[in-house]
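Atom set for the values below is all heavy atoms of this structure, side chains included, hydrogens, waters and symmetry mates excluded. Letters A, B, ... are given to chains in the order of the sequence lines, protein chains preceding strands, and every chain is numbered from 1.
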Amino acid sequence: MRLSQLFGKTLRQVPAEAETASHRLLLRAGMVAQISAGIYAYLPLGFEVLKRIETIIREEMDAAGSQELLMPSLLPIEVYQASGRDRTMGEILFQVRDHHDRDFTLGPTHEEIFVEVFKRNVQSYRDLPLLLYQIAPKFRDEPRPRGGLIRLRQFIMKDLYSFDADREGLDHSYQLMYDAYKRVFDRCGVPTVPALADSGAMGGSDTHEFLYLTDVGEDHCLLCPECGYAANAEVATFIKEPAWANEAPLPLEEIDTPGLKTIAELADFLDVPPTKTCKAVFYLASLPGEPEKPVFVAVRGDMDVNEAKLRSALGAVELRYMEEDDVRRAGFVAGSAGAVGLEGASVVADDLVTLEHNLVAGANKPDKHVLNTNYGRDWTADIVADIALAHEGALCAACRTPMDERRGIEMGQVFKLGTKYSESMGAYFLDAEGKQQPAIMGSYGIGVERLLAAIIEENHDENGIVWPPRLAPYDVHLVGLQLERSPGAKEAAEKLYADLSNAGVRVLYDDRDESPGVKFNDADLLGMPLRVTVSPRNLEQNAVEVRARTADESELVPLDVAVEELRARVV
RNA sequence: CGGGGCGUAGCGCAGUCCGGUAGCGCACCUGAAUGGGGUUCAGGAGGUCGCCGGUUCAAAUCCGGCCGCCCCGACCA
């Protein structure tokens with residue numbers, strides 16, 4: 001391809017909104033064009049890289065024994081009603097209506113439709129195990145798209161679904177995918193950490209996220225430097241040690257705490273550590289098919305509520321944090337709420353607060369707190385569970401080592417779904433005894449554009465992108481320099497372009513009449529693995545100049561062996 | 001959904017407070033010079049000032065409403 005003809009041009013200045021490195025470089029390199037919030041067009045260079053990522057994914061999925069197919073994006077809403085996800089996925093579903101007033105959704109993830117098609121084609125255990133996948137668009141009406149390609153409303157996902165006859169089969173399929181995912185990300189030049197995760201709206205039991213650790217990530221995870229434990233903060237467990245369990249319970253005492261609303265203010269006023277206090281938080285929780293109801297949540301004052309853990313402790317589908325005003329309107333005393341004598345809300349306590357003695361808590365009266373509250377004697381909870389959020393330094397549950405808290409981007413996630421969809425949607429097969437059994441399912445997703453963004457985040461320098469060779473849209477960036485200044489120079493460059501192309505090397509030929517600085521800067525920005533410069537200066541020595549994108553120095557390669565030499569150096 | 005910011009040429013921005021014929025840089029077109037890390041000069045094309053309404057002799061500028069985009073949070077696969 002001639003750079004003069006390539007659609008999409010490099011930019012010296014980038015739109016002000018681009019903040020992350022990948023977003024800026026994608027725009028500067030002319031690889032993407034934003035259409036709307038979280039919706040992008042892919043120009044030829046960007047599209048080429050997406051295709052190369054998809055090739056790696058296909059190779060690994062096929063090697064794992066799965067078959068590729070293609071499902072529609074436009075799906076009758078009934079398909080999601082069958083699983084109940086028209087309600088549990090709620091607002092992120094894009095809905096459209098046809099001219100007969102039938103409702104459709106643009107598929108946000110495709111468990112349901114794979115199950116539908118599975119049912120029409122599989123009746124026997126002899127057809128199992130079965131691994132099916134597609135690489136296709138997904139549509140999610142995200143509350144907040146962000147970071148260029150990091151969170152999109154329309155995106156391409158590789159989604160694979162496994163169907164097994166039994167739990168052991170699922171374990172095997174899950175492991176196959178787990179290993180395949182590792183290889184996909186390794187081959188793409190993106191280091192990932194498999195971390196325990198929350199299954200959220202997908203349902204099911206075991207699930208891992210493959211996190212690319214980066215400060216621009218939106219997920220928080222905890223990593224144990226000693227034993228390797230890795231988990232999303234949503235599910236991370238840790239050792240919580242009571243600080244005051246050995247104190248003898250003292251009598252309750254109500255005190256004036258004028259204007260004190262936060263734990264920090266309270267602890268400061270009483271001159272006690274935050275661990276001596278009990279933090280009160282209100283949520284509105286809704287369970288399937290029930291109206292919202294208020295929930296009072298108690299954690300020790302130095303801790304925060306982990307909403308994912310709280311959600312699963314309650315079995316709630318939706319959880320809404322109550323702001324101070326909401327709390328007041330609901331008839332509670334914002335700022336001085338406490339479990340002692342509280343009415344009108346169910347109570348959830350973190351297991352740690354139930355062990356402590358003599359904590360300070362809200363008195364449910366304005367500007368009053370009570371000293372020396374003790375679980376069991378003064379208050380009880382409807383649910384006691386681990387609902388505390390792990391932070392930097394939390395002790396690893398496996399080996400007691402203080403853990404690191406890091407941010408990361410979720411590259412992919414693997415789920416053991418079990419029978420959630422096969423039972424609700426009737427995907428049964430006959431086993432060897434002729435008995436009907438639900439298929440045991442797993443689901444496995446990779447966000448393709450997000451992977452592209454991560455590849456650039458991980459593989460760039462101050463001058464531009466540094467493509468891993470397998471992903472580069474071209475192998476060689478051929479720079480024609482000052483070719484008009486010497487007779488025959490242009491012909492030599494054209495010949496090299498043609499010879500390399502004929503030898504199977506993918507060449508991007510900068511044939512523009514631009515100054516050297518412009519050409520070299522664009523070559524660095526676009527990031528092809530090899531830069532080859534043809535100029536009168538080099539031709540005088542019957543040579544071309546070759547520089548790897550990752551190298552500091554260039555080298556001269558004799559013209560007569562250049563094609564062979566370069567072909568050997570490209571993957 | 002809450003908080004903050006922004007919307008003027010393809011991109012980056014000034015002009016808005018204080019109403020009076022819409023500007024700068026990059027990119028683009030023409031010509032010339034230059035020639036190894038974003039070169040210089042000359043000439044040129046390009047704008048419903050996000051949209052709707054109001055005030056005014058006159059609105060990018062003031063007022064009201066709406067829409068869009070970005071960031072933080074909430075939420076989320």
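- Across the strands present, B/G36 finds no partner; the criterion is a Watson-Crick or G-U wobble pair with both atom distances under 3.5 angstrom.
- Within residues 523-533 of chain A, the residues having any heavy atom under 4.0 Å from RNA chain B are, by residue number, A/Asp524, A/Arg531.
- A/Tyr283 places its OH atom 21 Å from the P atom of B/C1, with the value rounded to the nearest Å.
- The backbone N or O of A/Ile465 sits less than 3.5 Å from a side-chain atom of A/Arg549, completing a donor-acceptor pair.
- Within 6.0 Å of the CZ atom in A/Arg320, the count of heavy atoms belonging to other residues, nucleotides or ligands does not exceed 12.
- When each of A/Arg320 and A/Pro516 is assigned the nucleotide of RNA chain B with its nearest heavy atom, A/Pro516 is the one assigned upstream, toward the 5' end.
- Note that OG of A/Ser4 and CE of A/Met1 are 9.0 Å apart. Values are rounded to the nearest 0.5 Å.
- To the nearest whole angstrom, the two C1' atoms, one in B/G15 and one in B/G7, are 15 Å apart.
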**Request:** Give the C-alpha distance, both sets of side-chain angles, the deciding distance and a yes or no for salt bridge (Lys or Arg N to Asp or Glu O under 4.0 Å) between A/Asp198 and A/Lys309.
**Result:** CA-CA 9 Å; A/Asp198 183 46; A/Lys309 287 183 184 176; over 6 Å; no
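- A cation-pi contact links A/Lys416 to A/Tyr174, judged by a cut-off of 6.0 Å to the six-membered ring centre and 45° from its axis.
- Residue A/Glu545 is classed as a base contact, given a heavy-atom separation below 4.0 Å to a base.
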**Request:** Show your reasoning for whether ring-ring contact (aromatic ring centres under 6.0 Å, His included) applies to A/Phe415 and A/Tyr444.
**Result:** CA-CA 6 Å; A/Phe415 297 89; A/Tyr444 316 85; 8.4 Å; no
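- Nucleotide B/G2 has B/C72 as its partner under the Watson-Crick or G-U criteria, with both atom distances under 3.5 Å.
- Note on A/Phe155: a base of the nucleic acid sits closer than 4.0 angstrom, heavy atoms only.
- For A/Arg547, the side-chain atoms get nearest to B/G37 when compared with the rest of B/G36, B/G35, B/G37.
- Taking atom P on both B/G68 and B/G50, the two are 16 Å apart, rounded to the nearest angstrom.
- Pairing for B/G53 is with B/C63, a Watson-Crick or G-U wobble pair whose two hydrogen-bonding atom distances lie under 3.5 Å.
- Under 4.0 Å is where a charged nitrogen must lie from a carboxylate oxygen, and between A/Arg407 and A/Asp215 no such pair does.
- Taking atom CG of residue A/Leu284 and atom P of nucleotide B/C1, one finds them 18 Å apart after rounding to whole Å.
- Nucleotides B/G47 and B/G64 are separated by 32 Å at their P atoms, to the nearest Å.
- Contact annotation for A/Asp141: no contact, since no heavy-atom pair falls under 4.0 Å across all strands.
- Ring geometry, A/Phe332 versus A/Phe282: the interplanar angle falls under 30°, so the pair is classed parallel (tilted spans 30 to 60°).
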**Item:** Intermediate values then yes/no, side chain to side chain contact (heavy atoms under 4.5 Å, CB included), A/Leu451 and A/Val190
**Value:** CA-CA 8 Å; A/Leu451 182 49; A/Val190 176; 4.1 Å; yes
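- Remark: side-chain polar atoms of A/Tyr181 are paired, donor with acceptor, to backbone N or O of A/Gly445 under 3.5 angstrom.
- Dashed line: the shortest gap from a side-chain N or O of A/Ser515 to OP1 or OP2 of B/U39 is under 4.0 Å.
- Here B/C76 is the nucleotide among B/G35, B/G38, B/C76 with the atom lying nearest to any side-chain atom of A/Asp219.
- Within 4.0 Å (heavy atoms only), A/Gln482 reaches at least one base atom of the nucleic acid.
- For A/Phe114, the ring pair (Phe, Tyr, Trp, His ring centres under 6.0 Å) test picks out A/Tyr161, with sequence neighbours left out.
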Sort me out a list of protein N/O and nucleotides 27-34 of chain B N/O pairs below 3.5 Å, or just none if empty.
residue: B/A27; atom: OP1; partner: A/Arg12; partner atom: NH2; Å: 3.1
residue: B/A27; atom: O2'; partner: A/Lys9; partner atom: NZ; Å: 3.3

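- Each of A/Ser535 and A/Val14 lies near RNA chain B, and the nucleotide nearest A/Val14 is the one positioned closer to the 5' end.
- For A/Arg547, the CZ atom counts as densely surrounded, since its 6.0 Å shell holds more than 12 non-hydrogen atoms of other residues, nucleotides or ligands.
- Within the shown strands, B/G12 is the pairing partner of B/C24 under the Watson-Crick or G-U definition, both distances less than 3.5 Å.
- Considering A/Arg183, A/Lys158, A/Lys182 as possible partners of A/Glu60, the one that fulfils the side chain to side chain donor-acceptor pair (under 3.5 Å) test is A/Arg183.
- With hydrogens and angles disregarded, a donor-acceptor distance shorter than 3.5 Å links the side chain of A/Thr105 to the backbone of A/Phe94.
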Shorter than 3.5 Å, N or O on both sides, protein versus nucleotides 69-72 of chain B: list them out with atom names.
residue: B/C69; atom: OP1; partner: A/Ser36; partner atom: OG; Å: 2.7
residue: B/C69; atom: OP1; partner: A/Ala37; partner atom: N; Å: 2.9
residue: B/C69; atom: O3'; partner: A/Gln34; partner atom: NE2; Å: 3.4
residue: B/C70; atom: OP1; partner: A/Gln34; partner atom: NE2; Å: 3.0
residue: B/C71; atom: OP1; partner: A/Gly147; partner atom: N; Å: 3.3
residue: B/C72; atom: OP2; partner: A/Arg144; partner atom: NH1; Å: 3.2
residue: B/C72; atom: OP2; partner: A/Arg144; partner atom: NH2; Å: 2.7

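- Comparing B/G38 with B/G25, their C1' atoms sit 14 Å apart, to the nearest whole Å.
- Counted within 6.0 Å of CZ on A/Phe47, heavy atoms from surrounding residues, nucleotides or ligands total 12 or fewer; the atom is thus considered open.
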**Message:** Is there a side-chain hydrogen bond (donor to acceptor under 3.5 Å, both in side chains) between A/Glu111 and A/Thr109? Walk through the geometry before answering.
**Reply:** CA-CA 6 Å; A/Glu111 280 73 15; A/Thr109 170; 2.7 Å; yes
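- Between the CG atom of A/Asn521 and the P atom of B/C26 there is a distance of 16 Å, given to the nearest Å.
- Look at the C1' atom in both B/C49 and B/G19: the space between them is 15 Å, to the nearest Å.
- Nucleotides B/C76 and B/G4 have their C1' atoms positioned 22 Å apart, rounded to a whole Å.
- Whole-Å rounding puts the A/Glu91 CD to B/A74 P distance at 17 Å.
- In this structure, the nucleotide among B/G36, B/C76, B/G38 sitting nearest to the side chain of A/Arg28 is B/G38.
- Of the residues in residues 450-463 of chain A, none lies under 4.0 Å from RNA chain B by heavy-atom distance.
- Here B/G43 sits opposite B/C29 as a Watson-Crick or G-U wobble pair (both hydrogen-bonding atom distances under 3.5 Å).
- Shown here for A/Ala337 and A/Ala280, the closest heavy-atom pair between the two residues is O-CB, 3.5 Å.
- A donor-acceptor contact under 3.5 Å links the side chain of A/Arg151 to the base of B/C76.
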Under 3.5 Å, N/O pairs linking protein and nucleotides 4-10 of chain B:
none

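- For the P atoms, the distance from B/A27 to B/C72 is 32 Å, rounded to whole Å.
- B/U21 and B/A58: their C1' atoms are spaced 11 Å apart (whole Å).
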**Request:** Mind running side chain to side chain contact (heavy atoms under 4.5 Å, CB included) on A/Leu526 and A/Met31 for me, showing each step along the way?
**Result:** CA-CA 9 Å; A/Leu526 296 177; A/Met31 298 176 68; 5.8 Å; no
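- Annotation for A/Glu91: atom CD does not count as buried by contact number, only 12 or fewer foreign heavy atoms lying within 6.0 Å.
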